[in-house]
Amino acid sequence: MIGAVSYKLRAENSARLPLINGRLMHAVFFKILHEFSPELENFVHEKLNIKPFTVSFLDPLKNIPNIEGRWQVRRGDNFFWRVTGLNGEILQAALAIPINYKIQVGELILTVEDFNSEILTEEEFISNVKKLSPANEIEFEFLTPVSFRIDDFDAPYPRADLIFPSLADKWTQVQMPAAVDKKVIKEITAQIRLTEWQGRSKKFYLANDRGTLGFWGNFKYSLKEINSDVQKVFMLLAKFGEYSGVGRLCAQGFGQTRVNFL
């Protein structure tokens with residue numbers, strides 16, 4: 001199974017909250033996993049290098065005062081929060097959260113008011129993409145910062161040879177049905193060109209003493225030099241990125257992505 005669950009949350013108190021709050025939401029979801037199944041929580045935490053889920057940053061429905069990188073949340077403020085799962089157990093845990101469930105994020109207490117879900121089998125996901133016409137271009141809208149690690153350096157570069165091999169690696173790690181060869185994908189990316197972009201890069205601090213370089217924005221990549229069958233493989237990987245995230249720290253809110261085929 002592959003899918004996403006989106007929650008509407010209501011603040012029960014006033015509190016300050018970091019804008020880059022993915023580490024806090026990561027901890028929230030591990031608490032949810034533990035309540036659903038301590039064995040599952042332990043397996044995901046201790047055994048898996050690539051986590052089979054992503055969490056988004058909290059996304060306010062209305063403008064919230066921001067002072068020095070922290071929201072001044074007021075009682076009654078609403079947020080959206082999106083969790084994706086790359087297997088059935090993770091999605092079951094996400095769907096098991098009841099209405100009125102309380103979530104604690106630092107000093108902030110949130111109540112689940114509503115949620116909706118989009119769940120597919122892996123075969124349905126692959127079939128839906130294969131039905132689409134081959135794309136001349138793929139547009140990635142990176143909603144939150146994306147970062148790659150090269151040796152001991154954070155690489156905030158929107159290069160095709162970083163994006164697609166990273167997605168191929170995630171695809172293989174979660175054992176999606178159709179095999180994808182990361183090495184071949186990396187070789188083919190030499191034919192992919194970045195044709196148009198609007199974005200920025202900066203260092204984002206996950207804690208007072210820990211930061212990572214990342215980029216975000218809209219980036220278009222041309223697939224015109226690739227034959228139509230191979231285009232479908234890159235379309236699959238790109239669409240998979242909406243659930244797996246792109247780059248590193250996706251289980252902490254980084255790499256949230258929307259994709260358009262042009």
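Just so you know, residue 1 is the first one in the sequence shown, and it goes up from there.
- Annotation: side chain of W197 is not in contact with side chain of N218 (no heavy-atom distance under 4.5 Å).
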### Message
Checking K51 against V44 for the side chain to side chain contact (heavy atoms under 4.5 Å, CB included) test, could you report, in this order, the C-alpha distance in whole Å, the side-chain angles of both residues, the deciding distance, and whether it holds?
### Response
CA-CA 7 Å; K51 300 297 184 268; V44 172; 3.7 Å; yes

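- In this structure, R75 places its CZ atom where only 12 or fewer heavy-atom neighbours from other residues, nucleotides or ligands lie under 6.0 Å away.
- Within a 6.0 Å radius of NZ in K102, other residues, nucleotides and ligands contribute more than 12 heavy atoms.
- Put simply, NZ on K182 and NZ on K170 are 10.5 Å apart, with the number rounded to the nearest 0.5 Å.
- The environment of CD in Q191 is crowded: more than 12 heavy-atom neighbours from other residues, nucleotides or ligands sit within 6.0 Å.
- Among residue pairs with one or both ends in residues 237-255, those qualifying as side-chain hydrogen bond (donor to acceptor under 3.5 Å, both in side chains) are E118-Y243, D154-R248, T212-R248, K239-E242; sequence neighbours excluded.
- Clustering ILVMFWY residues whenever any of their side-chain heavy atoms sit less than 4.5 angstrom apart, transitively, puts L249 in a cluster other than the one holding L143.
- Across all non-hydrogen atoms, the minimal contact from A96 to F36 is CB-CD1, 3.9 Å.
- Heavy-atom contacts from other residues, nucleotides or ligands closer than 6.0 Å to CD of E46 number more than 12.
- There is a path of hydrophobic side-chain contacts, each under 4.5 Å, that joins I192 to V129.
- You'll find the side chain of V83 reaches within 4.5 Å of the side chain of F29, heavy atoms only.
- Of the possible donor and acceptor atoms, none in the side chain of S127 sits under 3.5 Å from a partner among the backbone N and O of E123.
- One finds a salt bridge joining E12 and R10 here, because a Lys/Arg side-chain nitrogen approaches an Asp/Glu carboxylate oxygen to under 4.0 Å.
- Atom CZ of residue F115 and atom CG of residue L9 lie 12.0 Å apart, to the nearest 0.5 angstrom.
- Between D229 and K232 no salt bridge is recorded (no basic side-chain N to carboxylate O distance below 4.0 Å).
- Between V180 and A168, the closest heavy-atom pair is CG1-CB, 3.8 Å.
- Listed by chain and number, the residues in a side chain to side chain contact (heavy atoms under 4.5 Å, CB included) with L91 are M1, I119 (sequence neighbours excluded).
- A donor-acceptor pair under 3.5 Å links the side-chain atoms of N66 to the main chain of G69, judged by distance alone.
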#### Entry: Stepwise side chain to side chain contact (heavy atoms under 4.5 Å, CB included) test for F219 and T195
CA-CA 8 Å; F219 300 82; T195 58; over 6 Å; no

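- With contacts defined as side-chain heavy-atom distances shorter than 4.5 Å, the pair Y7/D114 does not qualify.
- Taking the six-membered ring for Trp and thresholds of 30 and 60 degrees, F142 and F140 have nearly parallel ring planes, at less than 30 degrees apart.
- Around the CG atom of N63, the shell of radius 6.0 Å holds no more than 12 heavy atoms that belong to other residues, nucleotides or ligands.
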### Query
Can N100 and V112 be said to form a side chain to side chain contact (heavy atoms under 4.5 Å, CB included), step by step?
CA-CA 5 Å; N100 295 323; V112 176; over 6 Å; no

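- Aromatic ring orientation, W216 versus F204: perpendicular (interplanar angle above 60°, classes split at 30° and 60°).
- Residues V259 and L120 are members of one and the same hydrophobic cluster, defined by side-chain heavy-atom contacts under 4.5 angstrom among Ile, Leu, Val, Met, Phe, Trp and Tyr.
- Rounding to the nearest 0.5 Å places CG of L167 at 9.5 Å from CD1 of I185.
- In the hydrophobic clustering, where aliphatic and aromatic side chains (Ile, Leu, Val, Met, Phe, Trp, Tyr) are joined below 4.5 Å either directly or transitively, L262 stands alone.
- T121 places a side-chain N or O within donor-acceptor distance of the main-chain N or O of E124, the cut-off being under 3.5 Å.
- No donor-acceptor distance shorter than 3.5 angstrom exists from the side chain of N42 to the backbone of E39, with no hydrogens or angles considered.
- V28 has its side chain within reach of I32: a pair of non-hydrogen atoms, C-beta onward, lies under 4.5 Å apart.
- Summarising the geometry, atom CG belonging to L223 is positioned 11.5 Å from atom OG belonging to S228; distances are rounded to the nearest 0.5 Å.
- For the pair M25/L58, a side-chain contact is recorded, criterion being any heavy-atom separation below 4.5 Å from C-beta on.
- Under the rule for a salt bridge (Lys or Arg N to Asp or Glu O under 4.0 Å), the partners of R159 that lie at least two apart in sequence or sit in another chain are D161.
- Between I163 and Y221 there is a side-chain heavy-atom pair separated by less than 4.5 Å.
- Looking only at distances, a side-chain donor or acceptor of R193 sits under 3.5 Å from a matching main-chain atom of A190.
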### Message
Go through it in stages, so that I can follow the logic: the residues are L236 and I126, the test is side chain to side chain contact (heavy atoms under 4.5 Å, CB included), and I'd like the CA-CA distance, side-chain angles, deciding distance and then a yes or no.
### Response
CA-CA 7 Å; L236 271 174; I126 292 170; 4.1 Å; yes

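- Sorted by first and then second residue, the side-chain hydrogen bond (donor to acceptor under 3.5 Å, both in side chains) pairs involving residues 78-90 (not counting sequence neighbours) are T54-T84, N78-E113.
- Aromatic ring centres of H26 and F30: separated by under 6.0 Å.
- Rounded to the nearest 0.5 Å, atoms NZ (K8) and CG (L61) are 6.5 Å apart.
- Scanning all heavy atoms of the two residues, the minimum distance from L213 to S147 falls at O-OG, 2.6 Å.
- Between P60 and W71, the shortest heavy-atom distance links the atoms CD-CH2, 3.4 Å.
- Between the OG atom of S56 and the CZ atom of F80 there is a distance of 10.5 Å, given to the nearest 0.5 Å.
- The side-chain heavy atoms of K186 and F164, taken from C-beta on, include no pair separated by under 4.5 Å.
- Residue Q104 places its CD atom among more than 12 non-hydrogen atoms of other residues, nucleotides or ligands, all under 6.0 Å distant.
- A continuous path of Ile, Leu, Val, Met, Phe, Trp and Tyr side chains, each step under 4.5 Å between heavy atoms, connects F261 with F240, placing both in one hydrophobic cluster.
- Each salt bridge (charged side-chain N to carboxylate O under 4.0 Å, His left out) pair with one or both residues in residues 129-144, not counting sequence neighbours, appears once here: E141-R258.
- Between Y101 and E35, some side-chain heavy-atom pair lies under the 4.5 Å cut-off.
- Pairing each heavy atom of G255 with each of V146, the nearest pair is CA-CG2, 3.9 Å.
- Taking each heavy atom of P145 and G214 in turn, the nearest pair found is CB-CA, 4.4 Å.
- Residues I67 and L108 fall into different hydrophobic clusters, defined by Ile, Leu, Val, Met, Phe, Trp and Tyr side chains chained together at heavy-atom separations under 4.5 Å.
- Using a 30° and 60° split on the angle between ring planes, W171 and F125 fall in the tilted class, from 30° to 60°.
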